[in-house]
Number of protein chains: 2
Amino acid sequence: MISLDANSSPTPEELPPEIDGLRMTKQRREVFSVVLAERDHPTANDVFSRSQKRMPTISLATVYNCLEALVSHGLVRQVNFEREPSRYCPNLSDHCHFQDQKTGTIHDVVFKEGVNLADFLELPQGTEVSHLEISLKGRIGSN
Amino acid sequence: MISLDANSSPTPEELPPEIDGLRMTKQRREVFSVVLAERDHPTANDVFSRSQKRMPTISLATVYNCLEALVSHGLVRQVNFEREPSRYCPNLSDHCHFQDQKTGTIHDVVFKEGVNLADFLELPQGTEVSHLEISLKGRIGSN
DNA sequence: TCTTCGAATTAGAATAATTCCAATTATTGC
DNA sequence: GCAATAATTGGAATTATTCTAATTCGAAGA
């Protein structure tokens, strides 16, 4: 399991050659380490420019490919706010997102103890939920 | 208040010249009546082609303008699923959306009695939520 | 009714995020 | 080391949406 300790995220070199059956190429390690390093919900473009610092030859298409690989292997979550560009989040625990309308900053929001959303919805009988996204927008305190 | 009775949605002509301070032009009435008529969460393009049947001269830009006017006046809700084109929903009651992955169909899902989402989230102190969107995806029954 | 003026509509161009494509390069299994 | 497979690359293509500038509409006042 990859450490989520905010104070010491892995460098690309520290990432193993394979995670959960996903081959970690040089580029995927770079992209993953960027997403793990600054947990500020970067867009693909953000990831691209941060990756370029260490790996100037990486292409935007590759960043998209790597993010897609990481997302589909469940190592990274894709976060959408309305029609804004997708953002990427390495926090795999059950949570949702709140966007501060003043600053655009996105905060992770966790559910209270033992809450299971599906318990609160009148879902059609026999529904199997495979994907759930909750997005909040608003202001914080005196902002 | 506009009737939400599924069996008889208003024709454009039946809509008043103003709703909630929003001037209802010919095009806005057309677009609104289309959204009210077939409550299947159409995209802007869907609305455009349906509107064209009665009003062949309407433009796509106008459809976008009208939808935006209706949304910002709270007469219609804009519904987003990940990076798919926005959809439009005339159901103003508190609800969220479930997309059947097999068919793409979107179903309205209501909350169980007395449920208030914010009660179940560890929101940062002083948070004021102005916008909330819950999107589910999955399969239904034997599908 | 006629005129005026701001708002709405229109067609088409522009934008921007993302995906696709075809060619090259890297990696794995033999 | 070699063939087969997968990943990367740059650039073109796609697509939903927004923008722009010109035209038209419609309400309100003269």
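In what follows, every chain begins at residue 1, and chains take the letters A, B, ... in the order their sequences are listed.
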Steps toward salt bridge (charged side-chain N to carboxylate O under 4.0 Å, His left out) verdict (B/Glu84, B/Lys137): CA-CA 13 Å; B/Glu84 293 173 30; B/Lys137 269 193 187 198; 3.3 Å; yes

Does [N] have its OP1 or OP2 closer than 4.0 Å to a side-chain nitrogen or oxygen of [X]?
X: B/Gln27; N: C/dT10; result: yes
X: B/Tyr64; N: D/dT18; result: no
X: A/Ser59; N: D/dT8; result: no
X: B/Arg83; N: D/dA16; result: no
X: A/Arg28; N: D/dA7; result: yes

Whichever of A/Asn65 and A/Asn45 has its nearest DNA chain C nucleotide further upstream toward 5': A/Asn45

Between [N] atom [atom2] and [X] atom [atom1], what is the distance in whole Å?
X: A/Ile58; N: C/dT24; atom1: CD1; atom2: C1'; answer: 16 Å
X: B/Glu68; N: C/dA8; atom1: CD; atom2: P; answer: 11 Å
X: A/Leu22; N: C/dT27; atom1: CG; atom2: P; answer: 14 Å
X: B/Glu84; N: C/dT19; atom1: CD; atom2: P; answer: 12 Å
X: B/Phe48; N: C/dA11; atom1: CZ; atom2: P; answer: 8 Å
X: A/Leu60; N: D/dG10; atom1: CG; atom2: C1'; answer: 11 Å
X: B/Met55; N: C/dT10; atom1: CE; atom2: C1'; answer: 13 Å
X: B/Arg23; N: C/dG6; atom1: CZ; atom2: C1'; answer: 9 Å

Touch class at under 4.0 angstrom, heavy-atom based, for A/Thr25 against every strand present: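 Sugar-phosphate, no base atom in range.
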
Touch class at under 4.0 angstrom, heavy-atom based, for B/Ser86 against every strand present: sugar-phosphate

N-O pairing of A/Arg50 and A/Asp40 below 4.0 Å: yes

Electrostatic pair A/Glu68:B/Arg83 at N-O distance under 4.0 angstrom: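 Looking at B/Arg83 together with A/Glu68, the answer is no, because their closest N to O distance does not fall below 4.0 Å.
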
Residue A/Glu14 excluded, over 12 heavy atoms near CD under 6.0 Å: yes

CD (B/Gln125) with more than 12 external heavy atoms under 6.0 Å: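 Not buried by this count: 12 neighbours or fewer within 6.0 Å.
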
